There are 2 protein chains.
Amino acid sequence: MESRITAREPRAERAPSRIEELCIERGLKMTGQRRLIARVLSEAEDHPDVEDVYRRALALDSKVSIATVYRTVRLLEEKGILERRDFGGGRARYDPADRGHHHHLIDVDSGKVIEFADEAFEALARGIAERLGFKLVGQRLELFGRRASPPEAERGTPRRKPGPRS
Amino acid sequence: MESRITAREPRAERAPSRIEELCIERGLKMTGQRRLIARVLSEAEDHPDVEDVYRRALALDSKVSIATVYRTVRLLEEKGILERRDFGGGRARYDPADRGHHHHLIDVDSGKVIEFADEAFEALARGIAERLGFKLVGQRLELFGRRASPPEAERGTPRRKPGPRS
DNA sequence: TTACTTGCAAAGGATTTGCCAACCA
DNA sequence: TGGTTGGCAAATCCTTTGCAAGTAA
């Protein structure tokens, strides 16, 4: 019932994703769904919201419930594996925490998010906090910008519901 | 039935608050509730959330419904009179937009918010955006810090529900 | 007058949770 | 095999909205 040929992939058993490794390191019990979600997150190069993760996980394989995605993503956040972001629009978006400290520039016309890091800023932030009598334990920097010279009328997809939330 | 003596204050008619003036400038119809909310906001020195504004308005005088507070606060935001902030915790908080550009340092132990402005930062932000090919149209900077040397155990009121949301 | 506002309550969207069965270590 | 986890649906929280009645200009 067990041939060497298939032994390698009893059930899509690929190398653990980077985030899965982090989970194991921190002693999380790895279930099929968690592995799946970890993989989706590891492969994401953007800043997916919970629903994005949910959709991608479903497409990729198993059946996960959105509740599990919420639970897992929150668990990973608590373990410091993910960082929760808020770019406006009412949904939380996630970012693997090990990509190094970086910040975001949001293109207000297209909603696209560009990452960047900046040494000078890090130092400046530390300095400001100190001057106010605090030790810096976290920071959040988001820039909102518009492409230098757009020929007008080219505005991309506004973040879902155009009006309401920030 | 009408004496000169009371003519001056038909009904708590005080000088219009700063925010009320801004509303009038932008042609908003001023109702009693709006005047009240404008006053609460003008007098606020912190960053109240909608419920804070609602509570203060009620205490101050009239009966307003929370729906009206939500509507008004949003209207003022659209008119550029208020700025919506998100310090984590799931509620939006508001800040009069004419206090000048400033940012916030949040004391992670007490939840207190300290405002500050920093020229060097403004310049840096503009520079970063430019380098990435964007014109800066907005920014958000929040520092999270801990008082330099707290004798422990002094942690103030954590923002409502301690655990969950960011 | 007459369009704009308000209050109330119900609707909505995102996120969390209770409960029991399924599952992993 | 015992404790954990996952699914489902109901529950929460914050915020928005429909509608009828009230009000500023």
Side-chain angles (χ1 to χ4, degrees), chain A residues 10-11 13 16 20 23-38 48-55 57-58 61-79 82 84-94 159-166, chain B residues 10-11 13 16 20 23-38 48-55 57-58 61-79 82 84-94 159-166:
Chain A
R11 191 174 303 168
E13 188 172 295
E20 183 181 342
C23 290
I24 295 171
E25 260 176 46
R26 315 208 180 189
L28 295 184
K29 184 184 285 189
M30 289 314 292
T31 66
Q33 289 85 328
R34 287 196 178 170
R35 237 184 300 272
L36 185 58
I37 292 169
D49 60 32
V50 171
E51 230 188 306
D52 291 329
V53 175
Y54 176 52
R55 235 189 331 269
L58 277 186
D61 174 21
S62 203
K63 56 303 230 54
V64 214
S65 84
I66 187 112
T68 299
V69 177
Y70 270 107
R71 271 193 283 238
T72 303
V73 126
R74 179 207 267 242
L75 182 64
L76 299 194
E77 187 196 352
E78 278 162 11
K79 292 294 181 180
L82 285 185
R84 185 201 296 241
R85 304 284 183 178
D86 163 44
F87 296 145
R91 291 190 218 356
R93 297 172 69 177
Y94 290 87
R159 279 356 230 153
R160 322 215 183 184
K161 282 213 212 133
R165 288 149 158 285
S166 106
Chain B
R11 190 174 306 171
E13 189 171 294
E20 183 181 342
C23 291
I24 294 170
E25 260 176 44
R26 311 202 186 194
L28 294 184
K29 184 186 286 189
M30 289 315 292
T31 65
Q33 290 88 324
R34 287 193 178 170
R35 238 184 299 274
L36 184 58
I37 293 169
D49 60 31
V50 170
E51 230 187 310
D52 292 328
V53 175
Y54 175 52
R55 235 190 331 271
L58 277 185
D61 174 22
S62 202
K63 52 313 225 51
V64 216
S65 82
I66 185 109
T68 297
V69 177
Y70 269 107
R71 273 191 282 235
T72 303
V73 127
R74 180 208 268 244
L75 181 66
L76 298 194
E77 188 197 351
E78 279 163 10
K79 292 293 181 180
L82 286 185
R84 184 201 299 240
R85 304 283 184 177
D86 163 44
F87 296 145
R91 295 192 218 348
R93 298 174 67 179
Y94 291 86
R159 285 349 234 155
R160 323 215 182 183
K161 283 209 211 140
R165 284 145 161 288
S166 108

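Keep in mind that what you see is a predicted model, and the values were worked out from it rather than measured. Reckoned from all heavy atoms, side chains included, excluding hydrogens, waters and symmetry mates. By convention in this document, chain letters (A, B, ...) are assigned in the order of the sequence lines, proteins followed by strands, and residues within each chain are numbered from 1.
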Applying salt bridge (Lys or Arg N to Asp or Glu O under 4.0 Å), can you list everything that pairs with A:Arg35, at least two apart in sequence or on another chain? A:Glu20
Partners of B:Lys29 by side chain to side chain contact (heavy atoms under 4.5 Å, CB included), sequence neighbours excluded? B:Arg34
Rounded to whole angstroms, how far apart are CD1 on A:Ile66 and P on C:dT17? 16 Å
Using the closest heavy atom to pick a nucleotide of DNA chain C for each, name whichever of B:Val64 or A:Arg35 lands nearer the 5' end. B:Val64
Value for CD (A:Glu25) from NZ (A:Lys79), rounded to nearest 0.5 Å, stands at 12.5 Å
Value in whole Å for how far the P atom of D:dG7 lies from CG of A:Leu36: 10 Å
Starting from C1' on C:dT6, measure out to CG on B:Leu28 and report it in whole angstrom. 15 Å
For the student: nearest non-hydrogen atoms of B:Ala57 and B:Val64, plus distance: CB-CG2, 4.0 Å
Side chain to side chain donor-acceptor pair (under 3.5 Å) partners of A:Thr31, counting only residues at least two apart: none
From A:Leu28 atom CG to A:Leu76 atom CG, the distance as rounded to the nearest 0.5 Å: 7.0 Å
So, is A:Tyr70 near the phosphate of C:dT16, with a side-chain N or O under 4.0 Å from OP1 or OP2? no
Spatial distance of atom CG (A:Leu75) from atom OG1 (A:Thr72) [nearest 0.5 Å]: 7.0 Å
With DNA chain D as reference, determine whether B:Gly32 or A:Leu75 sits nearer its 5' end, using the nearest nucleotide of each. A:Leu75
Atom CE of A:Met30 to atom C1' of C:dC23: distance rounded to whole Å? 14 Å
Atom pairs, N/O to N/O, protein against nucleotides 18-23 of chain D, distance under 3.5 Å?
{"from": "D:dG18", "atom 1": "O6", "to": "B:Arg71", "atom 2": "NH1", "distance (Å)": "3.4"}

To the nearest Å, how far apart are A:Gln33 CD and D:dT4 P? 18 Å
Output the rounded distance in Å from OH (A:Tyr54) to C1' (D:dG6). 12 Å
Any side-chain N or O of B:Arg91 less than 4.0 Å from the OP1 or OP2 oxygen of D:dT15? no
Between the axis at one end of the helix from C:dT1-D:dA25 to C:dA25-D:dT1 and the axis at the other (five pairs apiece), what's the angle to 10 degrees? 40°
So OH of B:Tyr94 and CZ of B:Arg85: to nearest 0.5 Å the spacing works out to 12.0 Å
Please report the distance, rounded to the nearest Å, between CZ in A:Arg34 and P in D:dG7. 11 Å
If you compare every side-chain N and O of B:Ser65 against the phosphate oxygens of C:dG7 (OP1, OP2), does one of them come in below 4.0 Å? yes
Quick one: side chain to side chain contact (heavy atoms under 4.5 Å, CB included) partners of A:Ile66, sequence neighbours excluded? A:Val50, A:Glu51, A:Tyr54, A:Tyr70
In whole angstrom, give the distance that lies between atom CZ of A:Arg55 and atom P of C:dA14. 11 Å
